[in-house]
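This report refers to the structure that appears directly beneath it.
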There are 2 protein chains.
Amino acid sequence: MQDDAIKPIRKLSQLYAYTSIHMHETVARKAGLSGTDHKYLGFLIQKGQMTAGELAQLTGLTTGAVTGLIDRFEKKKLVKRQFAEDDRRKVLIVPDTKKIMALMEPLYKEFRRKSEQLIASFSSRQLKVIENYFLKAIEIMQETTNQLNEK
Amino acid sequence: MQDDAIKPIRKLSQLYAYTSIHMHETVARKAGLSGTDHKYLGFLIQKGQMTAGELAQLTGLTTGAVTGLIDRFEKKKLVKRQFAEDDRRKVLIVPDTKKIMALMEPLYKEFRRKSEQLIASFSSRQLKVIENYFLKAIEIMQETTNQLNEK
DNA sequence: ACTAATTATCTTAGTTACTAAGATAATATT
DNA sequence: AATATTATCTTAGTAACTAAGATAATTAGT
């Protein structure tokens, strides 16, 4: 591999990450959420209901900040607070998946369609290459993050 | 292309973007900057010196917020304020590239090495595929963002 | 050339989301 | 039954933001 091929692809991958953030932030704003609230709401959708403490751990926020986060979601009726049956100190955050989907889906619809079209335009051998790149690049970034956090 | 190949790669590309943000935020914190300050400092390095107003446009911040941003950078001696010769209302923000590099480079060194190694592990034909994916995916995300902003 | 309008940045007041630390209430331990 | 622990919430203080107005330099109109 020639050295001159390295830089453009690194630049491109940076631009990719940046553009992605920008898009997600725009979507968030259209949905009446901040960028971080949107991200954390995604956690709730993906993992399903969890306690306030679990969300604090997952997000890295303090419990106080999570209280505020849930308050904002609750005010918009996107989640419900519910005491856990086994331990009534715990607050289960129950996402209203339907409502959240109804809010987000229209904003992502075109993006999803075009993405699927793009992916379909590659052969499965080509997709393997892309997938492979992603997997290894993700691993590298995680290693970097972990190493920095250790020091 | 089979339908089942679409979902994993979309998930993967999401994880990629998310992991990238997370790494950059960790780097930022290690450098004593916030995530957004780090991002905007990157703009300054990439584009070189610019006026406060240009930075406001580029970042989407108000001029007041940019004043604060420059103040924080200046306090760390990462940039200098300088009145433009042609128009003394304008404030040129002159990045101290050397100092900024000296701050950032050690944090990214390992990441850079590993990334280059990863890229070098692909054939140039494979790299073309990856590049192509990035280019088109970026275009789709930009379109999505623009369409949302128009509405 | 003088006055008014515009432009570029800064300042101020108010807002939002955060942290740290302590309060409250439920559960676990001895 | 008293004490310790745990889960969440509350409060006080902070950082970075916006909106609107202040300041100072330039440009335009007469």
Side-chain angles (χ1 to χ4, degrees), chain A residues 21-22 24-26 28-44 47 49-76 78-95 149, chain B residues 21-22 24-26 28-44 47 49-76 78-95 149:
Chain A
I21 300 167
H22 193 218
H24 286 294
E25 260 167 19
T26 304
R29 213 182 47 249
K30 284 284 160 182
L33 299 169
S34 77
T36 59
D37 279 15
H38 178 212
K39 186 166 89 184
Y40 300 150
L41 193 59
F43 288 1
L44 272 169
K47 294 233 173 189
Q49 62 175 231
M50 61 180 84
T51 66
E54 283 166 354
L55 187 59
Q57 260 208 315
L58 198 62
T59 58
L61 297 175
T62 59
T63 60
V66 167
T67 298
L69 183 66
I70 305 170
D71 285 348
R72 292 193 295 279
F73 288 154
E74 207 176 38
K75 200 180 281 177
K76 296 202 167 72
L78 299 175
V79 310
K80 252 190 332 192
R81 270 185 173 92
Q82 204 176 290
F83 290 108
E85 286 193 11
D86 61 316
D87 183 343
R88 291 151 52 91
R89 289 167 305 178
K90 287 184 185 166
V91 167
L92 275 178
I93 316 165
V94 184
N149 280 329
Chain B
I21 301 168
H22 193 218
H24 286 295
E25 259 166 21
T26 304
R29 213 182 46 248
K30 284 284 160 182
L33 299 169
S34 76
T36 59
D37 280 14
H38 179 211
K39 187 167 88 182
Y40 300 150
L41 194 59
F43 289 0
L44 273 168
K47 294 232 173 190
Q49 62 175 232
M50 61 180 85
T51 66
E54 282 165 355
L55 187 59
Q57 261 207 315
L58 198 62
T59 57
L61 297 175
T62 59
T63 60
V66 167
T67 298
L69 183 66
I70 304 169
D71 286 347
R72 291 192 296 278
F73 288 153
E74 206 176 39
K75 200 179 282 178
K76 297 201 166 72
L78 299 175
V79 309
K80 252 190 330 191
R81 273 184 170 92
Q82 205 175 292
F83 290 107
E85 285 194 12
D86 61 317
D87 182 343
R88 291 151 52 89
R89 289 168 305 178
K90 287 184 185 167
V91 167
L92 274 177
I93 315 165
V94 184
N149 280 330

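A note on names: the letters A, B, ... follow the listed sequences, proteins ahead of strands, and every chain is numbered from 1. Atom set for the values below is all heavy atoms of this structure, side chains included, hydrogens, waters and symmetry mates excluded.
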Only counting residues at least two apart or in another chain, list the ones meeting ring-ring contact (aromatic ring centres under 6.0 Å, His included) with A:His38.
none
Taking DNA chain C as the partner, which of residues 82-90 of chain B come within under 4.0 angstrom of it by heavy atom?
B:Arg89, B:Lys90
Using atom CG of A:Leu92 as one end and atom P of D:dC9 as the other, report the distance to the nearest whole Å.
12 Å
For A:Arg88, the side chain to side chain donor-acceptor pair (under 3.5 Å) test, sequence neighbours excluded, returns none
Name all residues meeting the side-chain contact (heavy atoms from CB on, under 4.5 Å) criterion together with B:Glu54; count only those two or more places apart in sequence or in a different chain, and write none if there are none.
B:Met50, B:Thr51
Separation of D:dA16 P from B:Lys39 NZ (nearest whole Å)
15 Å
Under 4.5 Å between any side-chain heavy atoms of B:Phe73 and B:Leu44, yes or no?
yes
Residue pairs involving residues 33-42 of chain A (criterion salt bridge (Lys or Arg N to Asp or Glu O under 4.0 Å); sequence neighbours excluded):
A:Asp37-A:Arg72
Which residues pass the side-chain contact (heavy atoms from CB on, under 4.5 Å) test with B:Thr59, not counting sequence neighbours?
B:Tyr40, B:Phe43, B:Leu55, B:Leu61, B:Val66
With sequence neighbours left out, write down each residue that passes side chain to side chain donor-acceptor pair (under 3.5 Å) with B:Gln82, or none if nothing qualifies.
none
I'd like to check the side chain to side chain donor-acceptor pair (under 3.5 Å) partners of B:Glu74; sequence neighbours left out, ordered by chain and number.
B:Arg81
Does the protein touch nucleotides 11-19 of chain C at the base, only the backbone, or not at all? Give it as B, S and - per nucleotide, heavy atoms under 4.0 Å.
B-----SSB
Would you please name every residue forming a side chain to side chain donor-acceptor pair (under 3.5 Å) with B:Thr62, sequence neighbours left out?
none
Through what angle, rounded to 10 degrees, does the axis of the helix from C:dA1-D:dT30 to C:dT30-D:dA1 turn between its ends, using five pairs per end?
10°
Once side-chain contact (heavy atoms from CB on, under 4.5 Å) is applied, do any residues pair with A:Thr26, and if so which ones, sequence neighbours excluded?
A:His22, A:Arg29, B:Thr145, B:Leu148, B:Asn149
